[in-house]
J.: 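Structure provided below as structure tokens; questions to follow.
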There are 2 protein chains.
Amino acid sequence: MKFIKNFEISIKLSPMKRKITLKQIARELDVSISTVSKALSNSKEISEDTTKKIQAFAKLYNYKPNNIALSLKNRKTKTIGILIPEIVHHFFSTVIRGIELIANRRGYNVIVGLSNESFTKEIINMEMLANGSIDGFILSISKETLLKQDYHHFNATINQGMPIVMFDRVVNEVDCDKVIVDDFNGAVKAVKKLIDNDCNHIGLITTMDYVSVGRLRTQGYVEALETSGIDANSDLILKIDDSLDVENHLEILENEIAQFFKTNKEIDGVFAVNELYAVTAMKVARKLGLSIPDDIQVIGFTDGVLSKHATPSLTTVSQHGQKIGEQAANLLIDRLEASDAESDQYFTNDERKTDFIKVVIETEIIERESTK
Amino acid sequence: MKFIKNFEISIKLSPMKRKITLKQIARELDVSISTVSKALSNSKEISEDTTKKIQAFAKLYNYKPNNIALSLKNRKTKTIGILIPEIVHHFFSTVIRGIELIANRRGYNVIVGLSNESFTKEIINMEMLANGSIDGFILSISKETLLKQDYHHFNATINQGMPIVMFDRVVNEVDCDKVIVDDFNGAVKAVKKLIDNDCNHIGLITTMDYVSVGRLRTQGYVEALETSGIDANSDLILKIDDSLDVENHLEILENEIAQFFKTNKEIDGVFAVNELYAVTAMKVARKLGLSIPDDIQVIGFTDGVLSKHATPSLTTVSQHGQKIGEQAANLLIDRLEASDAESDQYFTNDERKTDFIKVVIETEIIERESTK
DNA sequence: ATTCGTAACGAAAACGTTTTCGTGTTAACA
DNA sequence: TGTTAACACGAAAACGTTTTCGTTACGAAT
């Protein structure tokens, strides 16, 4: 077999085999590029002899089509972009796992960007990826963006023909498919459970209202109380300012909660909008000499490692992060493959605002030792 | 301004603006593609007038070069592939955060694949990404691969000219840059601390030996004892079979540890090779009526959420996952940019086996409440 | 002997860039 | 007036594919 020069040289000098291309195969076998391409896709245009020869050669040199070239030609990359605020976070990484599972199964790759809760990083990341690198986005909005209420970058991306699926932290101002947790009803369920367990003074530990999930869970708390004929006492609601990340200001959190307990000694149940608040509440309660669940029962939101392995283990509202990721991925890929089946059908429809889907994932209460 | 047909149509029917290309700009402005390209890169070949006009038009239509086309032309994608066993895992997600930080800073994207501890998925993922989608890999080997000791896919990838950086779970059989934790010395430090704290009978809770990090930490445990004149008693070593994932078989773990404590009542210190084992040991000890740290002191490995928020909080050996990720990313990108500076210099060097770097990240003991 | 059909293949365009190498025009210079 | 140099721009190749549309040759049918 003869080789083109460069190829031969590189073989001699090292065991390195650069990826072989159609052009190289064509030269070696003295046929045209088109013939090689057709033979490898088993086109019946090519004779059986030639096909066999080409396929054997390709296999020998482990030919695999170049993805980038394919992407350019097909104008689709078969990869989806994930843009989330934070990755060292049980919920978000669980969602990624769900996305990756479905994506892989359906032949897609995932590329992740982290906004780090920053508006600017969110925009930069989107622009970096929106220029051909991906076919669509799955994202959860950063806190800063939620505060600013500036969503132009999402709409701009959508207007460029790139579909977006939002999950968890979503917003009405953007028209796209959404996958959300039933935060409201999850909270209702949790608080009802506390009520059923004979708690009479249920405290709420929540975040500031601009994070929609915090707001919804707070509303659920109020709702559950009211339908049970209890009126929500604002003294029993503790709002934590999480603009600074709490992980590194644990003492502040502990002090606030301790103060909360001390000034509201009647509290016999606590609902916290996340795992950390719940676990910290348990810790603080114990330091104050209260026993769980006898003196205070606690339920958290988000079923992560902490809930499972805390002592006592924590009763939580599970969000099914993986399901969320799977749904989001399926939604996005469905949209992608529908739009290239009949490319204009979808986009020329003037009423497309109404066509978007909002999937609500039901929550589930996982009972553990922090409730009776 | 006149428009080419397709573009005009799409504008009329919807507010959607498909990404504009050089070719379209060229047609609108009645110049050639090359002129547009040059004008946008401020080439002095182009007159000031033309340049201004083109740049204004490009800005108006928000032109951004297509990444895929650039990748094809430059034969590099500016994205790096991460391949890890699991993402819902504090350590691994921390590493990703470190990688993403550096990658972003240096103009790279990251695409993640999950092997899910499976040999086959590892290979499939690698092949999927190695065909042009990425410029290099950062990876940690799956358990199944470690068991099989089959590393041909790594070497094959390297031989195709794609650099790999391995972290944490690495292996001598593959020649590449590596970033590892100083597992051995971390374990030594931890056990020495227990000895200094007057523990006389230190138990070890570890994994099976095929996971190198488990093996190294075990060796560190033995080493620390021996240099202190204590001989390691194999009764005090509990090896957990984690071939099935432990998260879902918590009771098995608890029972084994309970049995371990009951048959070795003299234990007054425990070193566990991960967070979960350590926290579970604390939980079991308490159930047995032992108090921490008075009766038993505990140190774990891996500083995650559990350690920080357990009660009592856990003294651990921190691995600095983010540092590991940052180092790995820098190593990989350095290698990538060096190799395209002088493309053959590096690869034609026959002694390149010796050129690879192994970075060891020092561990650090974080003292909390589980030790005196 | 001419037409036709078909089998087997090649040329070329297209995807969106960048870059090298022309080429034509104009002004300056001898 | 003829030569040259600078200027401003365009054509085309290249990256690696797929696919459409030829084109050739040859046997069969008229």
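Chain naming here is simple, since letters A, B, ... match the order of the sequence lines and numbering starts at 1 in each. Values reported hereafter were calculated over all heavy atoms of this structure, with side chains retained and with hydrogens, waters and symmetry mates removed.
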J.: Under 4.0 Å between a side-chain N/O of B/Lys23 and OP1 or OP2 of C/dC15, yes or no?
T.: yes

J.: Would you kindly compare B/Lys44 and B/Lys73 by the position of their nearest DNA chain D nucleotide and give the one closer to the 5′ end?
T.: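 Comparing both residues, the 5'-ward one is B/Lys44.
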
J.: Can you tell which of C/dT17, D/dC9, C/dG10 lies closest to the side chain of A/Thr35?
T.: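 Nearest to the side-chain atoms of A/Thr35, counting from C-beta on, is C/dG10.
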
J.: For the side chain of A/Val31, counting heavy atoms from C-beta on, which of C/dG10, C/dT17, D/dT17 is nearest?
T.: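 Output: C/dG10.
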
J.: Taking the nucleotide of DNA chain C with the closest heavy atom to each, which residue, B/Glu45 or B/Asn66, is nearer the 5' end?
T.: B/Asn66

J.: Both A/Lys64 and B/Ile46 contact DNA chain D. Taking the nearest nucleotide for each, which residue is further toward the 5' end?
T.: B/Ile46

J.: Of the non-hydrogen atoms in A/Val110 and B/Ile111, which two are nearest, and what is the gap between them?
T.: O-CG1, 3.0 Å

J.: What closest approach, in Å, do B/Ala39 and B/Ile54 show between heavy atoms, and which atom pair accounts for it?
T.: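 In this case the closest contact between B/Ala39 and B/Ile54 is CB-CD1, 3.6 Å.
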
J.: Could you state the atom-to-atom distance from CZ of B/Arg18 to P of C/dC15 in whole Å?
T.: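 Answer to the nearest Å: 13 Å.
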
J.: Quick one: B/Lys78 NZ to D/dC15 P, roughly how many Å, whole number?
T.: 21 Å

J.: Between C/dG10 and A/Lys38, counting only base atoms on the nucleotide and side-chain atoms on the residue, is there a donor-acceptor pair under 3.5 Å?
T.: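 In this structure, the two groups form a donor-acceptor pair.
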
J.: If you measure from NZ on B/Lys121 to CE on B/Met126, what distance do you get to the nearest 0.5 Å?
T.: 14.5 Å

J.: For D/dA14, take OP1 and OP2 only and decide whether either is under 4.0 Å from a side-chain N or O of B/Arg75.
T.: no

J.: Just call it for A/Thr50: base, sugar-phosphate, or nothing, with non-hydrogen atoms closer than 4.0 Å on any strand.
T.: sugar-phosphate

J.: Name the nucleic acid region contacted by A/Ser47, choosing base, sugar-phosphate or nothing; use a 4.0 angstrom heavy-atom cut-off, strictly under.
T.: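 Sugar-phosphate contact only - A/Ser47 comes under 4.0 Å of backbone atoms but never of a base.
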
J.: Starting at NZ of A/Lys19 and ending at C1' of D/dT17, how long is that distance when rounded to a whole Å?
T.: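 Those two atoms, NZ and C1', are 14 Å apart.
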
J.: Would a 4.5 Å heavy-atom cut-off, applied to side chains only, mark B/Glu100 and A/Asn125 as touching?
T.: yes

J.: Would you mind reading off the distance between B/Asp49 atom CG and D/dC9 atom C1', rounded to a whole angstrom?
T.: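 Roughly 14 Å, once rounded to whole Å.
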
J.: Do the side chains of A/Ile141 and A/Glu122 get nearer than 4.5 Å, heavy atoms only?
T.: yes

J.: Find the distance B/Lys76:NZ to D/dC15:P and express it as a whole number of Å.
T.: 15 Å

J.: Can you check whether B/Ser34 has a side-chain N or O nearer than 4.0 Å to OP1 or OP2 of D/dC9?
T.: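 So the side-chain polar atoms of B/Ser34 never come under 4.0 Å of the phosphate oxygens OP1 or OP2 of D/dC9.
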
J.: Tell me the interatomic distance from A/Ile33, atom CD1, to D/dC21, atom P, rounded to whole angstroms.
T.: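 Interatomic distance, CD1 of A/Ile33 to P of D/dC21: 20 Å.
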
J.: Is A/Leu22 touching bases, backbone alone, or none of the nucleic acid, heavy atoms closer than 4.0 Å?
T.: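 Base contact.
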
J.: Where is the tightest heavy-atom contact between A/Ala26 and A/Ile33, given as atom of each residue plus distance?
T.: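 So the minimum-distance heavy-atom pair works out to CB-N, 3.8 Å.
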
J.: Looking at A/Ser37, I'd like to know whether one of its side-chain N or O atoms comes within less than 4.0 Å of OP1 or OP2 on D/dT17.
T.: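 No, because none of the side-chain N or O atoms of A/Ser37 sits under 4.0 Å from OP1 or OP2 of D/dT17.
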
J.: Can you tell me how far P of C/dT18 sits from CG of B/Asn67, to the nearest Å?
T.: 11 Å

J.: Taking CG from B/Leu40 and P from C/dG16, how many angstroms apart are they, rounded to a whole number?
T.: 16 Å

